[in-house]
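The structure appears right after this line, and notes come after that.
In what follows, every heavy atom counts, from backbone to side chain, and hydrogens, waters and symmetry copies are set aside.
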Amino acid sequence: RWLAGLISLAVFGISHMGLYGLSRALIVPAAVGAVLTGLYLWRRNLPACILMHAMLDGIFLVVAPALAHAN
C-alpha cells in the first residue's frame with residue numbers, strides 16, 4: 001500500500017510540473033498531495049480526498065485570484 005501511495009504521489013507531483021515547472025512553487029501541491037495520500041491510506045475514503053482536492057483548487061485557482069483582481 002505504501003509503495004502504491006509513493007508512486008501515486010510521484011505521479012501527482014509530476015502532473016503538476018506543467019503548471020509550476022521545477023520550482024519551489026511545486027512544494028505546495030506536493031505537500032497537499034502527500035497529505036491527501038496519507039489521508040487516503042489511513043481512512044480509505046477516496047471521495048473525501050477528491051472533494052478536498054476540488055475545494056483546494058477552487059480556493060487557490062478561482063477564489064484567491066478573483067479576490068486579488070478585485071483589489
Whether over 12 other heavy atoms sit under 6.0 Å from L22 CG: no
Greater than 12 external heavy atoms within 6.0 Å of R24's CZ: no
Side-chain heavy atoms of N45 within contact of Y40, under 4.5 Å: no
Heavy-atom side-chain proximity of L39 to M52 below 4.5 angstrom: yes
Parallel, tilted or perpendicular: rings of F12 and H16 (30°, 60°): tilted
Option from D57, I27, L56 for which side-chain contact (heavy atoms from CB on, under 4.5 Å) with V32 holds: L56
Determine whether [X] and [Y] fall in the same hydrophobic cluster, where Ile, Leu, Val, Met, Phe, Trp and Tyr are linked whenever their side-chain heavy atoms lie under 4.5 Å apart.
| X | Y | answer |
| --- | --- | --- |
| L46 | L36 | no |
| Y20 | M17 | yes |
| L61 | I59 | no |

Short side-chain to backbone donor-acceptor contact, S8 and A4, under 3.5 Å: no
Where P29 and L26 come nearest, the two heavy atoms and their spacing: CD-O, 3.3 Å
Partners meeting side-chain contact (heavy atoms from CB on, under 4.5 Å) with A34 (sequence neighbours left out): L9
